[in-house]
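Worksheet: one structure, shown below.
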2 protein chains.
Amino acid sequence: MDAVYTKPGYLFRRMQQIAVSIFVEECREFDLTPVQYAALVAIQNHPGIDATRLSAVIAFDRSTLGSVIERLESKGHVERKPSAEDKRVKLLYLTRPGAALLRNIMPAVDRAQARMLAPLKATDRKMLMTLLSQLVDLNNEVSRVPLRAEDALEHLGKAG
Amino acid sequence: MDAVYTKPGYLFRRMQQIAVSIFVEECREFDLTPVQYAALVAIQNHPGIDATRLSAVIAFDRSTLGSVIERLESKGHVERKPSAEDKRVKLLYLTRPGAALLRNIMPAVDRAQARMLAPLKATDRKMLMTLLSQLVDLNNEVSRVPLRAEDALEHLGKAG
DNA sequence: TATTTATTGACAGTATACTGTCAATTAGTT
DNA sequence: AACTAATTGACAGTATACTGTCAATAAATA
């Protein structure tokens with residue numbers, strides 16, 4: 001009867017649910033969701049990236065990313081500029097307020113990340129993160145949008 | 001630069017993304033999402049449960065659950081019957097085809113659950129599930145809809 | 001160079017998830 | 001019994017996520 005509650009599928013869903021809840025709570029005053037935060041960080045790390053590459057860098061669906069960027073743009077955190085070389089793409093940049101927001105939200109994000117693991121002992125926290133990192137990495141190709149961190153470097157001419 | 005990829009928030013989101021992807025892939029022929037599956041199992045275990053209690057049993061948002069049940073009903077897997085005692089509630093039951101579906105989908109679900117953890121060694125799988133179970137349990141009150149498995153027994157007059 | 005193929009962003013459609021509100025109804029209190 | 005609280009299901013609104021399609025454009029190839 002209790003079998004469901006010990007299965008990985010249930011635990012992963014529930015943990016994600018809790019993690020989002022904590023993030024939103026800690027970052028309420030900044031009005032930023034986990035996804036929006038991840039996108040902002042990636043744009044900061046790769047200024048001038050385009051939407052398709054961004055989706056690979058943060059392992060996001062491209063279809064979803066469009067509306068995420070739209071919201072970030074309407075809040076004034078991000079700018080979209082047409083590329084000179086390729087008329088199809090729009091390059092993404094943080095605005096000055098967007099960069100400031102990212103600096104200011106940092107403590108709240110750190111608090112959120114810490115709270116997610118807070119109930120565990122330090123050694124258990126480390127163990128869990130290690131195992132999850134391995135599992136996510138080894139399962140990378142499974143989802144529709146596998147993580148491709150190296151893609152982000154291409155637009156800087158550092159492709160491998 | 002790679003800091004994000006080692007943070008719990010990222011790993012939980014990514015793992016959930018991968019888990020859903022695997023589930024949908026393995027269960028494609030049955031046209032059932034993880035959420036719909038969880039709801040069906042809970043209704044099977046607690047025939048005559050109402051939507052509000054169901055949401056507590058599977059740790060789901062009540063608002064979301066409405067449309068989930070609607071879809072299950074339109075597929076013919078679930079029946080909603082008005083309660084005689086309380087005119088507000090609608091009691092949930094599996095249909096015969098719904099129960100059959102649940103029997104038939106079982107191997108696919110088991111395959112999915114196994115695949116999620118497949119890349120890890122057996123001892124690591126066990127360790128990960130143990131740690132995650134603890135963490136989810138200890139963080140239970142955080143999210144909007146904490147798990148209340150005991151709620152499911154009330155409608156059978158077994159409340160504590 | 002002309003044709004095919006691939007990429008990019010946009011969009012339509014479905015399915016979770018959440019916040020918040022509402023009316024109908026029930027339960028608890030005075 | 002009358003009033004108040006709480007519960008229930010429904011709904012409106014926002015934000016992920018996914019599948020799949022499309023036109024514009026670019027790249028590869030015949």
Side-chain angles (χ1 to χ4, degrees), chain A residues 9 12-14 16-25 28 31-39 49-56 58-75 80-92 142-145 151 154-155, chain B residues 9 12-14 16-25 28 31-39 49-56 58-75 80-92 142-145 151 154-155:
Chain A
F12 294 144
R13 176 179 71 79
R14 189 84 183 96
Q16 160 71 358
Q17 200 179 29
I18 290 168
V20 170
S21 187
I22 290 176
F23 187 101
V24 169
E25 206 176 304
R28 191 179 303 281
D31 186 33
L32 217 57
T33 67
V35 169
Q36 290 167 10
Y37 170 76
I49 197 173
D50 63 274
T52 294
R53 254 184 268 281
L54 179 59
S55 90
I58 55 183
F60 256 40
D61 194 80
R62 226 180 38 183
S63 301
T64 308
L65 194 54
S67 55
V68 174
I69 293 173
E70 223 167 66
R71 277 184 282 277
L72 288 174
E73 204 179 9
S74 77
K75 288 182 191 174
R80 260 192 286 203
K81 297 180 184 173
S83 163
E85 299 135 28
D86 191 332
K87 287 177 191 169
R88 294 169 304 177
V89 312
K90 295 178 181 176
L91 307 180
L92 296 166
V142 170
S143 69
R144 186 192 185 189
V145 190
D151 270 23
E154 276 184 32
H155 69 114
Chain B
F12 294 143
R13 175 179 73 78
R14 189 85 183 95
Q16 160 71 359
Q17 201 180 29
I18 289 166
V20 170
S21 186
I22 290 175
F23 187 101
V24 169
E25 205 176 305
R28 190 179 302 281
D31 187 31
L32 216 57
T33 67
V35 168
Q36 291 168 9
Y37 170 75
I49 197 172
D50 62 272
T52 295
R53 254 185 268 282
L54 179 59
S55 90
I58 54 183
F60 254 41
D61 194 80
R62 227 180 35 183
S63 302
T64 309
L65 193 54
S67 56
V68 175
I69 293 173
E70 223 167 67
R71 275 183 284 276
L72 288 174
E73 205 179 8
S74 77
K75 287 182 191 173
R80 261 192 286 205
K81 296 181 185 172
S83 164
E85 299 135 29
D86 191 332
K87 288 176 191 169
R88 293 169 305 178
V89 312
K90 295 179 182 173
L91 307 181
L92 296 166
V142 171
S143 70
R144 187 192 185 189
V145 190
D151 270 22
E154 279 183 31
H155 70 115

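All chains are named by letter (A, B, ...) in the order of the sequence lines, taking the proteins before the strands, and each is independently numbered beginning at 1.
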Original post:
Which heavy atom of A:Phe23 sits nearest a heavy atom of A:Thr33, and at what distance?
Top reply: CE2-C, 3.6 Å

**OP:** Of all the heavy-atom pairs spanning B:Val68 and B:Ala39, show the shortest one and how long it is.
**Re:** CG1-CB, 4.5 Å

**OP:** Counting heavy atoms from C-beta on, name the nucleotide in D:dT8, C:dA17, D:dA17 closest to the side chain of B:Val35.
**Re:** C:dA17

Original post:
Taking atom P of D:dG9 as reference, at what distance in whole Å does atom CD of B:Glu70 sit?
Top reply: 13 Å

Original post:
Which base sits across from D:dA5 as a Watson-Crick or G-U pair, both distances under 3.5 Å?
Top reply: none

**OP:** Flag the pair B:Ile69 / B:Leu54 as yes when at least one side-chain heavy-atom distance between them is below 4.5 Å, and no otherwise.
**Re:** yes

Original post:
Among D:dA15, C:dA17, D:dA26, which is the nearest nucleotide to the side chain of A:Lys87?
Top reply: D:dA26

Original post:
Are OP1 or OP2 of D:dG9 and a side-chain N or O of B:Thr52 less than 4.0 angstrom apart?
Top reply: yes

**OP:** Rounded to the nearest angstrom, tell me the gap between atom CD1 in B:Ile58 and atom P in C:dC18.
**Re:** 11 Å

Original post:
When the distance from CD1 of A:Ile18 to C1' of C:dC18 is rounded to whole Å, what number comes out?
Top reply: 15 Å

**OP:** Scan B:Val68 against the nucleic acid and name what it touches under 4.0 Å (heavy atoms): base, sugar-phosphate only, or nothing.
**Re:** sugar-phosphate

**OP:** Name the nucleic acid region contacted by B:Thr64, choosing base, sugar-phosphate or nothing; use a 4.0 angstrom heavy-atom cut-off, strictly under.
**Re:** base

Original post:
Taking the side chain of A:Arg88 as its heavy atoms from C-beta onward, which of D:dT8, C:dT7, C:dT26 lies nearest to it?
Top reply: C:dT7

Subject >> Options C:dT16, C:dA10, D:dA6, nucleotide nearest the side-chain atoms of A:Lys90 >> reply: C:dA10

Original post:
When you measure from the side chain of A:Arg71, which nucleotide among D:dT16, C:dT16, D:dT25 comes out closest?
Top reply: D:dT16

Original post:
Starting at CZ of B:Arg13 and ending at P of C:dA17, how long is that distance when rounded to a whole Å?
Top reply: 14 Å

**OP:** May I ask which nucleotide in the shown strands pairs with C:dT26, Watson-Crick or G-U wobble, both distances under 3.5 Å?
**Re:** none

**OP:** Hey, which sits more toward the 5' end of DNA chain D by its nearest nucleotide, B:Ala51 or A:Asp31?
**Re:** B:Ala51

Subject >> Whether A:Gln17 side chain and B:Ala59 backbone form a donor-acceptor pair below 3.5 Å >> reply: yes

Subject >> salt bridge (charged side-chain N to carboxylate O under 4.0 Å, His left out) partners of A:Lys90, counting only residues at least two apart >> reply: none

**OP:** Ignoring hydrogens and angles, answer whether the base of C:dC11 and the side-chain atoms of A:Ser63 contain a donor-acceptor pair closer than 3.5 Å.
**Re:** yes

Original post:
To the side chain of B:Arg53, which of C:dT19, C:dA10, D:dT8 is closest?
Top reply: D:dT8

Subject >> B:Asp86 CG to C:dG28 P, straight-line distance once rounded to whole Å >> reply: 12 Å

Original post:
Counting any heavy atom closer than 4.0 Å, what does A:Glu85 reach on the DNA or RNA strands: base, sugar-phosphate only, or nothing?
Top reply: sugar-phosphate

Subject >> Nearest non-hydrogen partners of A:Ala51 and A:Leu65, listed with the distance >> reply: O-CD2, 3.3 Å

**OP:** Take the protein atom CG of B:Leu65 and the nucleotide atom P of D:dC11, then report the distance between them rounded to whole Å.
**Re:** 14 Å

Original post:
In whole angstrom, what separates A:Ile69's CD1 from C:dT8's P?
Top reply: 13 Å

**OP:** Kindly label the base of D:dA5 as syn or anti, based on whether its glycosidic torsion lies within 90° of 0.
**Re:** syn

Original post:
Between C:dT16 and B:Ser67, is there an OP1 or OP2 to side-chain N/O distance shorter than 4.0 Å?
Top reply: no

Subject >> Candidate nucleotides D:dA17, D:dA15, C:dA17, ranked by approach to the side chain of A:Phe60 - the nearest >> reply: D:dA17

**OP:** Take A:Gln16 and A:Arg13 through the side chain to side chain donor-acceptor pair (under 3.5 Å) test and state the conclusion after the steps.
**Re:** CA-CA 5 Å; A:Gln16 160 71 358; A:Arg13 176 179 71 79; over 6 Å; no

**OP:** Can you tell me the distance, in whole Å, between the OH atom of B:Tyr37 and the P atom of C:dT16?
**Re:** 15 Å

Subject >> Residue B:Asp61, side-chain atoms from C-beta onward, closest of C:dT16, C:dA17, C:dT8 >> reply: C:dA17

**OP:** Among D:dA17, D:dG9, C:dG9, find the nucleotide with the atom closest to the side chain of B:Gln17.
**Re:** D:dA17

Original post:
A:Arg14 side chain N/O closer than 4.0 Å to the phosphate oxygens (OP1, OP2) of C:dA17?
Top reply: no

Original post:
Touch check for B:Arg28, heavy atoms < 4.0 angstrom, all strands: base, sugar-phosphate only, or nothing?
Top reply: nothing

